[in-house]
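Read the structure below first, then the notes.
Model, not experiment: these values are computed from the prediction. Scope of the values below: all heavy atoms of this structure, side chains included, with no hydrogens, waters or symmetry mates. Just so it is clear: chains get the letters A, B, ... in the order the sequence lines come, proteins before strands, and each one is counted from 1.
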2 protein chains.
Amino acid sequence: MAGPRYTALVESLPASVPFVGPEEQERARGAPFDARLGANENRFGPSPAAIEAMLDAAAEVWKYGDRASEDLRAALAAHHRVGRDNILVGEGIDGLLGNLVRLIVAPGDAVVTSMGAYPTFNYHVAGFGGVLHKLPYRDDHEDLRALFAAAAETGAKLVYLANPDNPMGTWLRGAEIVKALADLPEGCLLVLDEAYVEFAPEGTAAEIVPDDPRVIRMRTFSKAYALAGARIGYAIAHPDLIAAFDRVRNHFGVNRLAQAGALAALGDAGWLAHVRAEVARSRAEIARIAAKSGLSALPSAANFVAVDCGGDGALARRVVAELAARGVFVRMGLVVPQDRCIRISCGTVEDMRLFADDLPEALARARGGAGPGG
Amino acid sequence: MAGPRYTALVESLPASVPFVGPEEQERARGAPFDARLGANENRFGPSPAAIEAMLDAAAEVWKYGDRASEDLRAALAAHHRVGRDNILVGEGIDGLLGNLVRLIVAPGDAVVTSMGAYPTFNYHVAGFGGVLHKLPYRDDHEDLRALFAAAAETGAKLVYLANPDNPMGTWLRGAEIVKALADLPEGCLLVLDEAYVEFAPEGTAAEIVPDDPRVIRMRTFSKAYALAGARIGYAIAHPDLIAAFDRVRNHFGVNRLAQAGALAALGDAGWLAHVRAEVARSRAEIARIAAKSGLSALPSAANFVAVDCGGDGALARRVVAELAARGVFVRMGLVVPQDRCIRISCGTVEDMRLFADDLPEALARARGGAGPGG
């Protein structure tokens with residue numbers, strides 16, 4: 001009996017996945033991690049008001065969520081001082097990126113991004129047959145001018161920029177991005193992923209005119225609002241682009257508890273300030289722990305810090321493995337030379353203590369070149 | 001300034017949506033519905049254990065969900081006595097259908113379904129450029145033989161069958177479907193949507209060999225388990241087809257609370273029995289209410305009942321509008337002759353009282369042909 005006939009595009013795709021999650025690693029090692037510092041989750045948790053709202057919503061979980069996420073959409077429009085028709089709520093930035101790529105990228109279409117930037121974006125582009133052009137970072141920053149120049153050269157339909165950047169934590173000033181838009185080629189859309197922007201210094205978020213048809217901004221409740229497990233984010237863009245998502249998106253895909261939780265989280269500015277302060281404290285602590293082992297931490301505008309292990313990717317990979325063997329989950333840069341760094345998410349005092357305790361020996365064994373041990 | 005360049009396929013798509021949700025209708029009428037009986041939600045609610053599990057999981061909502069939904073997957077494999085690699089957990093059947101269509105349907109590919117069957121499936125097929133061939137119902141049942149014959153004639157890559165059917169509530173015996181598979185053309189995949197099968201008589205679920213490459217079964221926690229707002233369902237199919245989803249799906253798309261809630265719901269067989277009994281009681285009550293107004297209800301194996309209003313689609317549309325004007329949300333069949341029926345979801349004693357109170361006058365006014373009034 002024959003199986004189904006896949007599309008030619010699907011037949012051509014590798015069976016790769018963008019990330020191996022911590023639970024998969026825990027199953028492989030047969031024990032949970034003691035410190036979960038690899039997925040840039042927000043260890044300080046969501047606003048108690050968000051939890052409360054989700055608990056209330058649980059009583060109505062028999063109902064489908066509102067297709068338009070209208071209450072949240074209205075609150076987001078007020079928050080950003082844009083129109084409601086500038087906002088689309090979706091299943092996290094990953095889901096929004098998938099639909100965006102589907103709207104724009106046909107097989108063979110050019111897309112520009114940075115080498116070692118967000119694998120899930122690349123996964124979506126490959127999944128719709130797009131051709132990725134990847135540019136190196138410049139001094140560990142995404143290279144805005146080079147990205148836009150490459151977009152012009154390749155006739156790209158999309159250019160992806162994360163600000164602050166992941167995995168390096170570096171950032172550009174929003175005004176610099178706005179200024180550079182003059183060089184964005186006609187008909188190329190800038191995907192500005194601001195997942196981490198709430199952790200960044202004032203002036204990092206780009207002040208884009210909401211009806212500018214050249215840019216779509218992506219925001220999430222997974223990071224500063226600590227609702228990663230609820231799967232909810234949003235896009236800000238020209239109303240025509242927002243409306244175009246309705247041609248392809250899963251209309252009832254946003255879950256009801258996430259809608260309620262996000263709305264409450266957005267309303268709790270005090271908790272956001274608390275989280276920002278905790279993240280700043282933890283970033284400094286990661287830098288101190290690194291320095292104690294003679295390593296340097298890169299300045300970060302996100303809820304994680306890239307620490308230069310002072311060697312190549314093979315060394316960093318061994319450090320990551322040694323830390324994992326000791327129960328500390330972190331990740332690392334993906335390409336040369338960013339792969340010299342490990343990336344540690346901000347965490348609690350206890351998380352930081354575990355990282356501080358384990359880093360020296362992990363580093364020593366990694367430098368020794370042996371396999372992971374405890 | 002130019003906007004983005006959409007794909008030719010996206011440019012060709014209408015801006016239509018599969019369903020207008022009850023919240024949208026409530027915003028339009030300026031008041032909430034008193035009885036929400038139009039979306040086939042499960043008004044009897046989820047197992048208290050599922051609520052409890054979601055409340056517990058809320059404390060860990062800062063974590064992304066497990067990419068594999070492994071705990072739930074293992075429980076589902078045991079429940080259905082299939083391998084774990086026969087199971088894929090996804091964001092409800094809507095999300096799973098979208099990814100399935102993406103795997104199989106390229107522009108111009110033929111797909112077979114019934115006229116007036118699930119609009120969201122049709123939306124996905126159109127969204128990937130597929131060509132839908134729609135067959136009429138036979139005596140208000142999906143016409144299995146005709147569907148398979150049409151698949152052979154058109155060279156279809158997918159044929160969609162809901163059992164029990166929505167919107168009519170009719171059903172086929174599982175053994176009949178298994179037998180008919182001999183006539184499914186080589187290389188055509190049967191999408192067997194069993195969203196409502198837990199409400200159906202014994203023998204309705206098709207006993208498909210789990211590694212049969214010709215069939216993918218779709219199940220959900222939205223109906224019998226009352227977790228519609230949590231957005232979680234699953235597919236059962238050959239391991240190769242299950243694995244193929246990993247090439248396109250949003251890997252971290254299933255939310256953590258849903259994973260926990262679904263696992264607990266699956267484990268509470270007693271609650272499922274309670275829900276089945278309540279649904280059976282409510283089906284009978286809807287039939288009684290219809291009979292009191294001289295209308296006949298179709299036998300149903302789902303958590304809703306189609307009631308023949310005894311006229312054409314225009315009459316049924318007026319009945320739906322009159323009921324909505326009185327605060328009772330129901331839907332109706334989508335094509336001739338199924339559009340002679342309104343479709344009422346099962347509900348509580350209070351829901352049924354509201355429906356019983358309002359139906360006679362709604363019907364009288366609808367027959368009078370006037371616009372909706374109170």
For residues 90-100 of chain A, dump all side-chain donor-acceptor pairs below 3.5 Å to protein atoms at least two apart in sequence or in another chain.
{"residue": "Asp94(A)", "atom": "OD1", "partner": "Tyr118(A)", "partner atom": "OH", "Å": "2.5"}
{"residue": "Asp94(A)", "atom": "OD2", "partner": "Tyr118(A)", "partner atom": "OH", "Å": "3.4"}

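Put simply, of Gly65(B), Gly45(B), Ala230(B), the one with the most heavy-atom pairs under 4.5 Å next to chain A is Ala230(B). Ranked by heavy-atom pairs shorter than 4.5 Å toward chain A, the options Asp240(B), Asp66(B), Asn250(B) are led by Asp66(B). Among the candidates Glu11(B), Arg249(B), Arg43(B), Glu186(B), the residue making the largest number of heavy-atom pairs closer than 4.5 Å to chain A is Arg43(B). When each of Ile216(B), Leu55(B), Val61(B), Leu189(B) is scored by its heavy-atom pairs under 4.5 Å with chain A, the top score falls to Val61(B).
Across all non-hydrogen atoms, the minimal contact from Leu241(B) to Pro4(A) is CD1-CG, 4.2 Å. Nearest heavy atom pair, residue Gly3(B) against residue Pro213(A), reads CA-CB, 3.8 Å. Nearest heavy-atom pair across Val10(B) and Arg102(A) is CG2-O, 3.8 Å. The shortest heavy-atom contact between Ser222(B) and Tyr64(A) is CB-OH, 3.6 Å. Ala2(A) approaches Gly187(B) most closely through the heavy-atom pair CB-N, 4.1 Å. Of all heavy-atom pairs spanning Ala68(B) and Arg27(A), the tightest one is CB-NH2, 3.8 Å.
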Item to complete: Take Tyr6(B) and Ile104(A) through the test side-chain contact (heavy atoms from CB on, under 4.5 Å) and record every step on the way to the result.
Response: CA-CA 4 Å; Tyr6(B) 300 104; Ile104(A) 309 279; 4.0 Å; yes
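Using a 4.5 Å cut-off between heavy atoms, Phe221(A) does not touch chain B at all. Proximity to chain B is absent for every atom of Pro22(A), based on heavy atoms less than 4.5 angstrom apart. Only the side chain of Ile51(A) comes within less than 4.5 Å of a heavy atom of chain B; its backbone N, CA, C and O stay farther away. Using a 4.5 Å cut-off between heavy atoms, Ala237(A) makes no contact with chain B at all.
Here the side chain of Glu70(B) pairs no donor or acceptor atom with the backbone of Glu24(A) at under 3.5 angstrom. Between the Glu23(B) side chain and the Arg67(A) main chain, no donor and acceptor come within less than 3.5 Å of each other.
Contact annotation for residues 254-262 of chain B against chain A (heavy-atom separation below 4.5 Å, listed by residue number): Val254(B), Asn255(B), Arg256(B), Leu257(B).
For Asp211(B), the side-chain hydrogen bond (donor to acceptor under 3.5 Å, both in side chains) criterion is met by Asn86(B), not counting sequence neighbours.
The ring pair (Phe, Tyr, Trp, His ring centres under 6.0 Å) analysis of residues 238-264 of chain A, with sequence neighbours excluded, yields the pairs His251(A)-Tyr123(B).
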